[in-house]
> 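Just dropping this structure here.
So that the names make sense, note that chain A is the first sequence line, chain B the second, and so on, each numbered from 1. Bear in mind the structure is a predicted one, so any value in this text is a computation, not a measurement.
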Amino acid sequence: MIPIQIIRENPEEVISRLAIKNIDATDALSQIISLDDQRKETQRKMDDLLSQTNTLAKEIGNLYKLGKREDADALKEQNTQLKENAKMLEVQLSEIQEALQSALIQLPNMAHLSVPKGKSANDNQVVRECGEIPLLSESAQPHWDLATRFDLISFDLGSKVTGAGFPFYKGQGARLQRALINFFLDEAIAAGYHEIQPPLLINEDSGYGTGQLPDKEGQMYHVGIDNLYLIPTAEVPVTNIYRNVILNKSDLPVKNVAYSNCFRREAGSYGKDVRGLNRLHQFDKVEIVQIAEPSQSYQILDSMIEHVARLLTKLELPFRILRLCGGDMSFTSALTFDFEVWSAAQKRWLEVSSVSNFESFQANRMKLRFKDETGKTQLAHTLNGSALALPRIVAALLENHQEENRIRIPAALVGYTGFEYITLPNT
RNA sequence: GGAGAGAUGGCAGAGUGGUCGAUUGCGGCGGUCUUGAAAACCGUUGACCUUCACGGGUCCGGGGGUUCGAAUCCCUCUCUCUCCGCCA
């Protein structure tokens, strides 16, 4: 939610920054400002009346004490009348507030000025390419075939026991998963992040806090009997820790890292993009989340990008970094960089991380603030990024590092897997 | 799952219908004293809306109600604690 003060103070900036996301907010803003005017006006009138009723109530109390019962009764009647008027205004006010809130909540976050204009993923800007794209032999296989041949992952068992998109990891496949999780967590801890293990189910309030609700409801698994949602990312529980919290300036930046399973319904996905590990309903991810002072958030965004780049370099995977264009960005983000690794056998780029600065958009929704040096409370900035999501990393590791009859584990990971090569079963 | 108790400011903890946004203690901040610190003493100390300001309004877990007037009474939801049951 864009803070109303920003809209009031600087509507032109809001309009132009929303235009980067291909949104014409001119009408919406003037509607919002007029609703806000009505809100103030109505509230002022109501406060006036309440002030009068408060004064009268005190007088009545005094009159009773003095034994002037008739005078008191007369005032009582007067006060009842005032109270009724105040009640009417209260109803009006809550209607106006509801309309204002729903208008505000429909506005996406403003794009940062560095965001390129554009409509789709084709307009994203490649800002960096790192690593060498491996030349594989003719017999190189995509990861789903490797996973079967080396007996690492069973998609069929997943379908049998749960459904498509819920694979079983087995043997060296399972150990590789565990190794990656520990590697990512240790790297984050070394970079100063604080490890958190969050719950995997969240309530409705948390869904609103980070913006999954109301509009992305269909993307989450819902446990109806308890009205809880399975988390689509650890970002949701980890950021919502700070819902309705006022931090001290000295607490910032808050740097948290969490490993979790992630659950996504991925309604509407289909085709070759979802083959194998490319798109799952349940997957593992290590997420980094920071809460920062506004003046530092972009510097912190850079440091998060370097952190993710370092992980991919250590895993010896060729990758590129994209600056997302306005049309490809999420509703809540102000600036997003995507990381893609090259999948050598599929011959395509796979998105493995998305690092974003939300500025005060999430903070405003969930009332996450901090006290600055003058003792004033103001909204903090929130940032998060995947560091990293496992399935496509596994896909790329298997494909890019495949050799004749084995798959090489990158050196940085050997201490975690306990083996240097994935080998064929029964050899 | 059954029975009971409770939810008040950063924390602890008073307050059971009238001047209570709330006694007090701790903590925090500022000051006196001190070479410095501690102790002691004095002062100060919540959030939100509105206003240039003065001021006004809202908030005692959430929501609703009774009343001229609610932290205090009633309804409801959520959460916490104790006991019993079940259980990794």
> May I have the list of side-chain donor-acceptor pairs in residues 18-26 of chain A shorter than 3.5 Å, sequence neighbours left out?
| from | atom 1 | to | atom 2 | distance (Å) |
| --- | --- | --- | --- | --- |
| K21(A) | NZ | N109(A) | O | 3.0 |
| K21(A) | NZ | S330(A) | O | 2.9 |
| K21(A) | NZ | F331(A) | O | 3.4 |
| K21(A) | NZ | S333(A) | O | 2.8 |
| N22(A) | ND2 | G118(A) | O | 3.0 |
| D24(A) | OD1 | T26(A) | N | 3.1 |
| D24(A) | OD1 | T26(A) | OG1 | 2.5 |

> Give none if rC68(B) has no partner; otherwise give the nucleotide forming a Watson-Crick or G-U wobble pair with it, both distances under 3.5 Å.
rG18(B)
> Counting Watson-Crick and G-U wobble pairs only, both distances under 3.5 Å, name the nucleotide matched with rC41(B), or none.
rG31(B)
> If a pair satisfies side chain to side chain donor-acceptor pair (under 3.5 Å) and one of its residues is in residues 283-292 of chain A, list it, with sequence neighbours excluded.
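Qualifying pairs: Q177(A)-D284(A), Y193(A)-Q290(A), T233(A)-K285(A), Y259(A)-D284(A), N261(A)-D284(A), K285(A)-E287(A).
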> Between which nucleotides of RNA chain B, 5' to 3', does chain A make heavy-atom contacts below 4.0 Å?
rG18(B) to rG69(B)
> Roughly how far apart, to the nearest Å, are rC73(B) and rU67(B) at atom C1'?
10 Å
> When the C1' atoms of rC20(B) and rU35(B) are compared, how many Å lie between them, rounded to an integer?
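That atom pair is separated by 47 Å.
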> Give one of base, sugar-phosphate or nothing for T53(A), where a contact means two heavy atoms less than 4.0 Å apart.
nothing
> What integer number of Å spans the C1' atoms of rC59(B) and rG21(B)?
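Going atom to atom, C1' in each nucleotide, I get 9 Å.
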> Closest nucleotide of RNA chain B for G61(A) versus for E77(A): which of these residues is on the 5' side?
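Its nearest nucleotide being more 5', the pick is G61(A).
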> When the C1' atoms of rG9(B) and rG4(B) are considered, how many whole Å apart are they?
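It works out to 29 Å between them.
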> Find which nucleotide of RNA chain B each of I60(A) and K371(A) is nearest to by heavy atoms, and output the residue with the more 5' nucleotide.
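Between the two, 5'-proximity favours K371(A).
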> Rounding to an integer number of angstrom, what distance separates rA5(B) and rC60(B) when you compare their P atoms?
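rA5(B) and rC60(B) have their P atoms separated by 23 Å.
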> How many angstroms lie between CD in Q97(A) and CG in D36(A), if you round to the nearest 0.5 Å?
9.5 Å
> Which is true for N62(A) with a 4.0 Å heavy-atom rule: it touches a base, it touches only sugar-phosphate, or it touches nothing?
base
> Paired with rU80(B): which nucleotide, if any, by Watson-Crick or G-U wobble criteria at under 3.5 Å for both distances?
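In the structure as shown, rU80(B) has rA5(B) as its Watson-Crick or wobble partner.
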> Using the C1' atom in both, what is the distance from rU32(B) to rA39(B), to the nearest Å?
13 Å
> What side-chain donor-acceptor pairs closer than 3.5 Å can you find for residues 40-52 of chain A, not counting sequence neighbours?
| from | atom 1 | to | atom 2 | distance (Å) |
| --- | --- | --- | --- | --- |
| E41(A) | OE1 | R44(A) | NH1 | 3.2 |
| T42(A) | OG1 | Q38(A) | O | 2.6 |

> What side chain to side chain donor-acceptor pair (under 3.5 Å) pairs are there with at least one residue in residues 69-85 of chain A, not counting sequence neighbours?
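Every side chain to side chain donor-acceptor pair (under 3.5 Å) pair that includes a residue of residues 69-85 of chain A, provided the two are not neighbours, is Y64(A)-D73(A), Y64(A)-K76(A).
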> Between rG10(B) and rG27(B), how many Å separate the two C1' atoms, rounded to a whole number?
7 Å
> Heavy atoms only, 4.0 Å cut-off, all strands: where does N79(A) land among base, sugar-phosphate and nothing?
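Sugar-phosphate: the residue N79(A), judged by heavy atoms under 4.0 Å, touches backbone atoms but no base.
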> Is there any salt bridge (Lys or Arg N to Asp or Glu O under 4.0 Å) pair reaching into residues 195-210 of chain A, and which pairs are they, with sequence neighbours excluded?
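Every candidate salt bridge (Lys or Arg N to Asp or Glu O under 4.0 Å) pair involving residues 195-210 of chain A fails, so no pair, neighbours aside, qualifies.
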> Using the C1' atom on both, measure rA7(B) against rA12(B) and round to a whole Å.
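Each nucleotide's C1' atom is 14 Å from the other's.
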> Are any of the side-chain nitrogens in R17(A) or E13(A) under 4.0 Å away from the carboxylate oxygens of its partner?
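A salt bridge links R17(A) with E13(A).
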